[in-house]
Amino acid sequence: MKTRCQWAENASQLEQDYHDHEWGHPVYDDKKWFEFVLLEGAQAGLSWSTILHKREGYRQAFADFDFNQVAEFSESDQARLKDNPAIVRNRLKIASAVTNAQAFIQVRKEFGCFNDYIWRFVNGKPIINQWSMASQVPVTTRESDALSQDLKKRGFKFVGSTICYALMQATGLVNDHTTDCFCYKEVVNPPGDK
């Protein structure tokens, strides 16, 4: 039996697979970054489980997370999405996906890629935490505060500090697997690392 982080211990197979193979693993690809920015923003006020179960719906509705295409979504595209039961049908969240795609493109123009921009908030390498219990894991940090503030300044929506910290956890900017979780060491020392 594998020991997992408490939130994944008795979760659905989908959530356990996400925990085991994605959560906390460092992301370096801009398309994947946009996917997580979009999904974490959609999560605001909801459970991650809800979003994870709608992930494929989001993939289809938002052009396979192609930020260039999403940035061009018209008002009528957005109105159509509001009738799509495969995603969270919230007008502000749908509009924010388009706004965030446009802001994402601007960040890429300034920094060459979103990846180079966002890794600066952790000095280019993951923050390795050593929590023994889920109750120790924070919901915000000074890094998530700084990221949130900067994203807002650049026009991003649904990027409060709590959402930004969830983004940082999901994409491996921080390793918040608890130390008893089998993923903890795997994320710190990925197979093939010397």
Chemist: Side-chain donor-acceptor pairs under 3.5 Å in residues 103-114, sequence neighbours left out?
Modeler:
| residue | atom | partner | partner atom | Å |
| --- | --- | --- | --- | --- |
| Arg108 | NH1 | Asp30 | OD2 | 2.5 |
| Glu110 | OE1 | Arg154 | NH1 | 2.8 |

Chemist: Quick one: does Asp20's side chain have a donor or acceptor within less than 3.5 Å of a partner on Cys183's backbone?
Modeler: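 No, the answer is negative, given that no donor and acceptor are paired below the 3.5 Å cut-off.
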Chemist: Tell me the closest heavy-atom pair linking Ser144 and Cys164, and the distance in Å.
Modeler: O-CB, 3.8 Å
Chemist: Atom CD1 of Ile118 and atom CG of Leu147: how far apart are they, to the nearest 0.5 Å?
Modeler: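 Here the interatomic distance stands at 5.0 Å.
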Chemist: Mind checking the CD1-CZ spacing from Ile87 to Arg59? Nearest 0.5 Å is all I need.
Modeler: 14.0 Å
Chemist: Please state whether the rings of His19 and His177 are parallel, tilted or perpendicular, taking 30° and 60° as the class boundaries.
Modeler: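 Ring orientation of His19 relative to His177: perpendicular.
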Chemist: Say whether, by atom type as modelled, one donor and one acceptor occur between the side chain of Asn84 and the main chain of Leu81 under 3.5 angstrom.
Modeler: no
Chemist: Could you tell me which residues satisfy side chain to side chain donor-acceptor pair (under 3.5 Å) with Thr99, sequence neighbours excluded, listed by chain and number?
Modeler: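 Thr99 satisfies side chain to side chain donor-acceptor pair (under 3.5 Å) with no residue once adjacent residues are dropped.
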Chemist: Only counting residues at least two apart or in another chain, list the ones meeting ring pair (Phe, Tyr, Trp, His ring centres under 6.0 Å) with Trp131.
Modeler: none
Chemist: Side chains of residues 61-70: which donor-acceptor pairs under 3.5 Å do they make with residues two or more places apart or in other chains?
Modeler:
| residue | atom | partner | partner atom | Å |
| --- | --- | --- | --- | --- |
| Asp64 | OD2 | Lys31 | NZ | 2.8 |
| Asp66 | OD1 | Asn68 | N | 2.9 |
| Asp66 | OD1 | Gln69 | N | 3.2 |
| Asp66 | OD2 | Gln69 | NE2 | 3.3 |

Chemist: Report, as yes or no, whether the 6.0 Å neighbourhood of atom CD on Glu22 holds more than 12 heavy atoms from other residues, nucleotides or ligands.
Modeler: yes
Chemist: If you count heavy atoms of other groups shown closer than 6.0 angstrom to NZ of Lys32, is the number above 12?
Modeler: yes
Chemist: Check this for me: Arg80, atom CZ, are more than 12 non-hydrogen atoms of other residues, nucleotides or ligands nearer than 6.0 Å?
Modeler: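 Result for CZ/Arg80: enclosed.
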Chemist: Determine, stepwise, if the pair Leu52 / Ser49 fulfils side-chain contact (heavy atoms from CB on, under 4.5 Å).
Modeler: CA-CA 5 Å; Leu52 204 53; Ser49 175; 5.6 Å; no
Chemist: Is there side-chain contact between Phe156 and Asp150, with at least one heavy-atom pair below 4.5 Å?
Modeler: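 The answer is no, as the side chains (C-beta and beyond) never meet within the 4.5 Å cut-off.
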Chemist: Side chains of Thr179 and Ser132 only: does a donor on one sit below 3.5 Å from an acceptor on the other?
Modeler: no
Chemist: Quick test of your reading: applying salt bridge (Lys or Arg N to Asp or Glu O under 4.0 Å), list the pairs with at least one residue in residues 129-149, sequence neighbours left out, ordered by first then second residue.
Modeler: none
Chemist: Count the heavy atoms of every other residue, nucleotide or ligand shown that sit under 6.0 Å from CD of Gln149, and state whether that count exceeds 12.
Modeler: no
Chemist: Shared ILVMFWY cluster between Tyr18 and Ile163, side chains joined below 4.5 angstrom?
Modeler: no
Chemist: First locate atom CH2 of Trp7, then atom OG of Ser47, and finally report the distance between them rounded to the nearest 0.5 Å.
Modeler: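 Result: 11.5 Å between the selected atoms.
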Chemist: Evaluate the side-chain proximity of Tyr117 to Trp33: yes if any heavy-atom separation is below 4.5 Å, no if none is.
Modeler: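 Not in contact.
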Chemist: Is a side-chain donor or acceptor of Gln16 paired with a backbone partner of Glu9 at a separation under 3.5 angstrom?
Modeler: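 The answer is yes, because a donor-acceptor pair under 3.5 Å joins these two groups.
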Chemist: Does the side chain of Ile127 reach to within under 4.5 Å of the side chain of Phe121, using non-hydrogen atoms?
Modeler: no
Chemist: Is any side-chain heavy atom of Gln43 closer than 4.5 Å to a side-chain heavy atom of Thr50?
Modeler: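 Side-chain contact under 4.5 Å: no.
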Chemist: If I take atom OG1 from residue Thr162 and atom CG from residue Leu167, how far apart are they, to the nearest 0.5 angstrom?
Modeler: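 Here the interatomic distance stands at 12.5 Å.
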Chemist: From Asn100 CG over to Lys157 NZ, what is the distance, rounded to the nearest 0.5 angstrom?
Modeler: 8.5 Å
Chemist: With a 4.5 Å heavy-atom cut-off, do Val139 and Tyr165 have their side chains touching?
Modeler: no
Chemist: In the structure I gave you, are the side-chain heavy atoms of Thr3 and Phe182 within less than 4.5 Å of one another anywhere?
Modeler: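 No, side chains not in contact.
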Chemist: Just checking, Arg55 and Phe36: is the charged tip under 6.0 Å from the six-membered ring centre and within 45° of the axis?
Modeler: yes
Chemist: Decide yes or no for Thr178 and Tyr184: does some side-chain heavy atom of the first lie under 4.5 Å from some side-chain heavy atom of the second?
Modeler: no
Chemist: Is Val27 reachable from Val187 through a run of hydrophobic residues whose side-chain heavy atoms are each under 4.5 Å from the next?
Modeler: no
Chemist: For the pair Trp23 and Cys5, evaluate side-chain contact (heavy atoms from CB on, under 4.5 Å) and give the outcome as yes or no after the intermediate values.
Modeler: CA-CA 11 Å; Trp23 194 73; Cys5 292; 4.1 Å; yes
Chemist: Can you run down the salt bridge (Lys or Arg N to Asp or Glu O under 4.0 Å) pairs that involve residues 116-140, sequence neighbours left out, and say none if there aren't any?
Modeler: none
Chemist: Any chance CD of Gln78 has more than 12 other-residue heavy atoms, nucleotides or ligands included, within less than 6.0 Å?
Modeler: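 Yes - once you tally the heavy atoms of other residues, nucleotides and ligands closer than 6.0 Å, there are more than 12.
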Chemist: Is the closest side-chain heavy-atom distance between Phe158 and Leu92 below 4.5 Å?
Modeler: yes
Chemist: About how many Å separate OG1 of Thr171 and CG of Asp29, when rounded to the nearest 0.5 Å?
Modeler: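 Spacing of CG (Asp29) from OG1 (Thr171) equals 12.0 Å.
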Chemist: Could you report the tightest heavy-atom contact between Ala170 and Glu40, atom names first, then the distance?
Modeler: CB-OE2, 3.6 Å
Chemist: Decide yes or no on side-chain contact (heavy atoms from CB on, under 4.5 Å) for Val122 and Met168, but give the supporting numbers first.
Modeler: CA-CA 9 Å; Val122 292; Met168 293 172 77; 3.8 Å; yes
Chemist: Apply the test side-chain contact (heavy atoms from CB on, under 4.5 Å) to residues Leu46 and Lys93: give CA-CA distance (whole Å), side-chain angles for both, the deciding distance (0.1 Å), then the verdict.
Modeler: CA-CA 12 Å; Leu46 302 169; Lys93 287 180 180 179; 3.8 Å; yes
Chemist: State, to 0.1 Å, how close Tyr58 and Ala42 come at their nearest heavy-atom pair, and which atoms those are.
Modeler: OH-CB, 3.4 Å
Chemist: What closest approach, in Å, do Pro138 and Thr141 show between heavy atoms, and which atom pair accounts for it?
Modeler: CG-CG2, 3.9 Å
